[in-house]
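Okay, so here's the structure we're looking at.
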There are 2 protein chains.
Amino acid sequence: MLNWSQLPSLSALRAFCAFVQRGSVADAGAALNVSHAAISQQLRALETHLGTPLFDRSNRALELTPEGQDLARALEDGFGRIAAGVEALSHTEAHRPLNIGCTPTFASAWLMPRLAGFQADHPGIDMVMSPSPSLVDPAPGGIDVAIRYGTGDWKGLDSVELMASPVVVVGAPALFKGDTPKTPADLIRYPWLEELGTHESSSWLAGQGLQNERVLSRTEVPGNLMIDGARNGQGIAVTTRIAVAEDIEAGRLVAVFEERRDAGYHLVTKPGVHRPPLKAFLRWILREVRKT
Amino acid sequence: MLNWSQLPSLSALRAFCAFVQRGSVADAGAALNVSHAAISQQLRALETHLGTPLFDRSNRALELTPEGQDLARALEDGFGRIAAGVEALSHTEAHRPLNIGCTPTFASAWLMPRLAGFQADHPGIDMVMSPSPSLVDPAPGGIDVAIRYGTGDWKGLDSVELMASPVVVVGAPALFKGDTPKTPADLIRYPWLEELGTHESSSWLAGQGLQNERVLSRTEVPGNLMIDGARNGQGIAVTTRIAVAEDIEAGRLVAVFEERRDAGYHLVTKPGVHRPPLKAFLRWILREVRKT
DNA sequence: TTCAACATGTAATTCAAACTTACATAATGG
DNA sequence: CCATTATGTAAGTTTGAATTACATGTTGAA
């Protein structure tokens, strides 16, 4: 086990190593971004600490004593190993792709159409989209950031609101045949679509006091297909405003109920440091949201 | 060539390495003689600098991420190499014998009789005596300390006076046969002894204004034999008071002239740091002198 | 479940190592 | 011999790192 307590000051060792590599006190200072005097003092402190002359100061230019040469070799090895380790880390980190977790709905409706812009701005950053209805924790080495729908209170995780978005209940105009439902209870008569692995429709109905009612039929479909199904008149869907904004605008879907809640999409990250690609992404997406 | 400028703070790296070895923040603090809070802050600073999470903080005890493990390996290697180099240095240094240069006369008359005391006090320190009339520079790796006769003004070297000691001119009572010389000029009639490699007798005579006189005979002998020769009545010798103090006391030699000059024996060292054995010796010899 | 013990995090202040500036000393080379 | 180059020293300042004190959160036993 390393005995730290009797190791000389690391800055002194660093100064010595820089001096050895650069060959002069002034150059060593330049390499470390400090003055020559700083190096001079560190070198003297090192000699004092070790109780050994490391230099022959008889000439103008310092020369290493045999002891100094031994130490130099050890330090160049040691610091070299350390620097290599640090650099390797930065490299692998910089190149590990950015891993984004979000719901299939949000991905196809909002994120994917804009992502090209981000990739154009940051050609060095590879990305992996992990669309998944289940809300995976952003873990180190796994998901870097998750985009989640909720109220922003994920315990143990940091979140910032991306955009508020009410829950809407939508259906195709063809489904209603002009007879648009007036109350939530009217919806019982229709077939429902639900995203695989979620229970949004039931919880919405429960929120309306209809938790015991059975709807006409309930079809579970993969997330990306739910909106498609709704558009085709296959049933009622519960989703967020953002995901169907364009469809409503274009008249392909009708929002029959809309519930103003203080919920919305959030950027959720692990507390702690963000690696540079992640920082870039967060900056970009927040700017992107502000545009609209 | 190492690029120092983008290396993280070395104390942060050290803290990280200590944490890895000890397994907890608090223990790492203990190993480095700092508080747990200091370590905590260093670790966070390191993560921030690298832009990479090094720990999984979801549990109470920190766990290394894969990146953290890579870095840990590099740091343990690197710091290990450094520590080994430093330790090797201290070891070889501590064991290199102490090299003392002094005149043969002083060695046999004053130093050798007392040296046993030093060695008894410092059993770990080996010594090499280098008696030599020529005044060798104490150089790194060579002589650690020289004991020289003079006035203390050796340019480029540090010196402290060990003891003042006038120059004396001595001869055996048998040589003078009761007819002790009264003036320096009287000494011309006697045979002279001179230490090999020195010119003390001629310069003493020159100091008395007798630079052009020829003495009866001049015999050059190795330093350690000069006093012996004088004792045996083989001639006049010029030396220092200290070297013949006991002989004069015991009546084996007579001091015919004594010149009070501000000269004496000095401890002469290279400026700069003194390694521990040298410091011990200097402390010892100065205390030894003060005893008398 | 609740509480004590443990492990780490954070904020504010204090402290000291390390740096800068300015001047000094000394060697080298034209 | 002087200009130039290289290092040393001293004094004062800066800032990185430490301490202290309190907070947060987990674990395990009562």
Taking the side chain as every heavy atom from C-beta outward, state whether [X] and [Y] have any atom pair closer than 4.5 Å.
{"X": "A/Gln69", "Y": "A/Leu54", "result": "no"}
{"X": "B/Val160", "Y": "B/Thr269", "result": "no"}
{"X": "B/Ser11", "Y": "A/Leu10", "result": "no"}
{"X": "A/Leu46", "Y": "A/Leu71", "result": "yes"}
{"X": "A/Leu267", "Y": "A/Ile147", "result": "yes"}

Could you state the atom-to-atom distance from [atom1] of [X] to [atom2] of [N] in whole Å?
{"X": "B/Leu13", "N": "D/dG16", "atom1": "CG", "atom2": "P", "value": "16 Å"}
{"X": "B/Leu32", "N": "D/dA17", "atom1": "CG", "atom2": "P", "value": "13 Å"}
{"X": "B/Leu62", "N": "D/dG25", "atom1": "CG", "atom2": "P", "value": "15 Å"}
{"X": "B/Phe16", "N": "C/dT8", "atom1": "CZ", "atom2": "P", "value": "14 Å"}
{"X": "B/Leu43", "N": "C/dT10", "atom1": "CG", "atom2": "C1'", "value": "14 Å"}
{"X": "B/Leu46", "N": "C/dT8", "atom1": "CG", "atom2": "P", "value": "17 Å"}

Note to self: Between A/His266 and A/Gly150 (side chain of the first, backbone of the second, donor and acceptor by atom type, cut-off under 3.5 Å), is there such a pair?
What the structure shows: yes
Next item on the list: For the helix from C/dT1-D/dA30 to C/dG30-D/dC1, figure out the bend between the end axes, five pairs an end, and round to 10 degrees.
Entry: 30°
Margin query: What verdict does the side chain to side chain donor-acceptor pair (under 3.5 Å) test give for B/Tyr149 and B/Thr240, after you've listed the backbone C-alpha separation in whole Å, the side-chain angles of each residue and the deciding distance to 0.1 Å?
Written below: CA-CA 9 Å; B/Tyr149 186 76; B/Thr240 57; over 6 Å; no
Between [X] and [N], does any side-chain N or O lie under 4.0 Å from OP1 or OP2?
{"X": "B/Ser40", "N": "C/dG9", "result": "yes"}
{"X": "A/Arg57", "N": "D/dT7", "result": "no"}
{"X": "B/Arg44", "N": "C/dT8", "result": "no"}

Check: How does protein reach along nucleotides 11-25 of chain C, written 5' to 3' as B (base within reach of a heavy atom under 4.0 Å), S (only sugar-phosphate), or - (no contact)?
Finding: -B-----SBBB----
Checklist line | Basic-acidic side-chain contact under 4.0 Å: A/Glu47, A/Arg57 | finding: yes
